[in-house]
Amino acid sequence: MLTLEDLVIAQGDFRLGADFSVPRGARVAVVGPSGAGKSTLLGAIAGYLRTSGRVLWQGEDLGARAPAQRPVAMVFQDNNLFPHMTAAQNVGLGITPSLRLKDEDAARVTSALARVGLAGMGARKPAALSGGQQSRVAIARLLVQVKPLILLDEPFAALGPALRHEMLDLVGDVAADLGATVLMVTHTIGDAERFAEQLVWVENGVAQAPAATRALLADPPQGLRDYIGAST
Amino acid sequence: MAVGLHPVKRLPFWPGISAAALVVALTFGTVLVVALRADGAGALTRYDWLAVRFTVVQALVSAALSCALAVPVARALARRDFIGRGALITLLGAPFILPVIVAVLGLIAVFGKSGLLSQALAFAGFGPVSIYGFHGVILAHVFFNLPLAVRLILHGWLAIPAERFRLAAGLGFTPRDIFAHLERPMLREVLPGAFVVIFVICTTSFAVALALGGGPKATTVELAIYQAFRFDFDLAKAALLSGVQVAICVIAALVALRVQVPQIGGGGLDRTVQRFGKTSTLTGALDTFWIAFAALFLLTPLAVLIARGAPELFSLPASVWQAAGRSVMVALASTAVTMAIGLSVALACLRAGWIEALGLVVIAASPLVMGTGLFIVIFPFAKPSDFALPVTALVNATLSLPFVLRAILPELRGIEARFGPLADQLGLTGWARVRMVLLPRLKRPLGFAAGLSAALSMGDLGVITLFADPKAATLPLQLYQLMGAYRMDQAMGAALVLLALSLGLFYGFDRGGRADADA
């Protein structure tokens with residue numbers, strides 16, 4: 001279980017508070033207007049930001065841990081792959097940053113690439129892959145990182161709707177394989193409905209506790225109502 | 001993604017701090033050593049004051065002349081498109097890596113007593129001109145800095161948005177209106193910066209003054225330090241003059257800080273300003289004149305050098321080739337040192353931005369002062385001439401640092417901004433991060449910086465003259481000695497070798513950085 005305990009992120013005039021838990025294995029969409037602090041919330045959980053309050057995983061305080069030492073795998077909006085490394089190397093980094101892979105590690109990389117539909121493309125560099133294929137490499141890395149908490153910061157925003165849905169389904173499958181909890185920032189209510197059974201609404205400096213997506217969308221609070229109206 | 005919390009802590013910091021400390025010791029430390037030694041040196045003589053005055057006056061005149069000539073040339077280049085325009089603009093960047101002594105030799109071949117110009121004048125019944133003295137120094141400085149000024153001003157011209165020229169055409173502006181409303185404001189912004197940069201460069205002029213100046217009327221402070229040192233072995237006087245030189249550099253640097261100093265961007269000089277309506281025949285003729293002037297002024301000395309030097313190539317004395325070998329070694333060693341210092345300092349800058357000011361410190365430092373300081377330090381323990389080459393390499397490495405930092409630091413910051421979060425996420429820290437993420441992505445600027453620093457070191461005729469041992473001369477020094485012995489044709493052959501090696505080193509490193517650099 002992920003617990004945010006009186007978490008407050010303050011940067012200049014900006015302030016975001018969160019105080020809630022997410023059950024293990026849940027899939028949660030994080031939705032809110034631009035600049036509300038969705039990415040900031042994920043950044044705080046991943047260990048990139050100074051905060052007050054606590055971030056706990058299974059009751060353990062993560063405060064002192066650097067991003068790589070947290071039980072967290074994050075996929076960013078862009079720059080998820082190093083352009084000078086092959087797809088296999090980019091995935092292999094998820095096993096060990098030194099890239100000194102043992103035979104069984106290399107086999108894991110190969111099977112992760114196959115699992116996301118990139119069998120035989122391990123030697124390609126990102127420039128030789130399509131946008132969708134690049135996303136698949138990032139998802140393959142999630143498979144070898146084996147972290148119990150996956151944070152998605154709108155990683156597929158640049159893809160068309162069909163491809164985005166395909167990627168979301170793939171991440172869903174991968175998360176199910178790993179038994180991982182997923183928090184996903186999105187601007188698209190449809191994606192939230194499709195992917196996440198729970199929704200965190202972020203507005204006016206507060207990230208609300210997650211509520212059931214369907215129920216929330218059936219009877220949205222005013223801010224969310226305006227947001228949906230504006231986004232469709 | 002918001003600004004990160006710890007990311008930069010994950011990169012090596014202390015090597016950069018140590019390297020920065022070394023550089024400060026080499027710049028400020030040597031000044032201190034020199035100052036201690038200068039104790040009781042007495043006041044500056046009249047001759048010394050003349051050197052101070054000459055240093056400032058020649059720098060002012062050189063900067064003013066370079067800027068004044070650069071405006072019409074840049075204007076012509078901005079609005080004319082012609083075959084060879086790109087090549088000419090590329091050539092304008094070349095003086096930066098052109099060894100000073102090579103250019104001086106080329107200028108002597110054109111403007112010297114038995115040069116092309118004097119020969120032409122003899123045909124017309126006039127006596128020969130001399131290149132030595134005040135005007136020779138100015139000529140050489142303009143040769144080096146006119147291209148720089150042209151590039152800076154051309155950049156300003158092309159930075160005026162095309163829409164403004166379209167708007168001007170729509171409003172029926174005359175050329176005079178265009179100048180008043182578009183061009184003059186740009187020049188007002190760009191010219192002071194260009195002037196200050198050139199002024200600063202010229203105040204530390206040594207090799208030009210050494211070759212073309214001398215005597216009470218044409219001695220820079222740097223040259224006076226050298227003379228106090230080599231001719232009189234008057235360390236106290238050298239130390240005192242070093243203090244004066246530092247003062248001049250610091251004042252110049254402070255002035256430079258107050259003026260917005262323009263940066264030359266990598267590319268973007270390949271388009272022309274779109275003009276509307278007809279330009280008069282006179283304007284066209286003037287533009288052609290200025291372009292031809294710039295091309296001839298820059299190309300003729302090099303062309304003569306090549307024409308006269310090439311036949312000598314196969315009959316050069318062995319000492320020239322040995323000197324060439326030493327110079328290449330010095331250049332490579334200096335490049336290795338400056339890249340190591342530059343990279344580690346740049347990494348430290350990511351965590352503590354103020355370290356970047358180190359580049360300015362180095363710009364204000366004078367190589368001759370550094371050399372004098374190191375000489376004073378080494379003298380009690382060993383024969384300084386035994387250390388001539390390592391000291392030269394070290395001083396050259398220090399002098400290249402500002403260029404290295406300027407080439408790699410912005411790129412480094414960009415890479416960290418783009419890939420820092422991902423690297424953090426994957427636990428790529430310390431040297432592993434440097435090796436696996438930063439170095440591969442820095443290849444181009446690293447190659448460029450290494451090429452620049454190798455070429456600068458290859459062509460350097462500065463600190464080596466202090467420590468010179470004729471048997472261990474670098475190629476520029478060997479070349480200078482050939483000139484001193486009036487073996488001009490051999491000197492031109494050697495100059496050609498030096499030119500080829502400098503350009504070759506630059507090209508080799510720069511090319512190496514571009515080889516399979518991925519998007």
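Note on naming: letters A, B, ... go to the chains in the order of the sequence lines (proteins, then strands), and numbering restarts at 1 for each one.
Residue A/Ile9 does not touch chain B at all, counting heavy-atom pairs closer than 4.5 Å. Only the side chain of A/Gln145 comes within less than 4.5 Å of a heavy atom of chain B; its backbone N, CA, C and O stay farther away.
Remark: A/Leu151 CG to B/Gln425 CD distance equals 7.5 Å, nearest 0.5 Å. In this structure, CZ on A/Phe82 lies 5.5 Å from CG on B/Leu428, to the nearest 0.5 angstrom. Note that the CD atom of A/Gln69 and the CG atom of B/Asp424 stand 10.5 Å from one another [nearest 0.5 Å].
Counting only heavy atoms from C-beta outward, the side chains of A/Met85 and B/Pro440 never approach each other to under 4.5 Å.
Options A/Thr96, A/Asp78, A/Leu81 differ in how many heavy-atom pairs under 4.5 Å they form with chain B, and the most are formed by A/Leu81.
Residue A/Arg15 qualifies as open at atom CZ: its count of foreign heavy atoms under 6.0 Å is 12 or below. For CZ of B/Phe448, the number of neighbouring non-hydrogen atoms (other residues, nucleotides, ligands) closer than 6.0 Å is 12 at most. Heavy-atom contacts from other residues, nucleotides or ligands closer than 6.0 Å to OH of B/Tyr507 number 12 or fewer.
The nearest pair of heavy atoms linking B/Leu426 to A/Ala68 is C-CB, 4.0 Å. For A/His84 against B/Val437, the heavy-atom pair with the smallest separation is CE1-O, 3.7 Å. The two residues A/Asn79 and B/Arg418 make their nearest non-hydrogen contact at OD1-NE, 2.9 Å.
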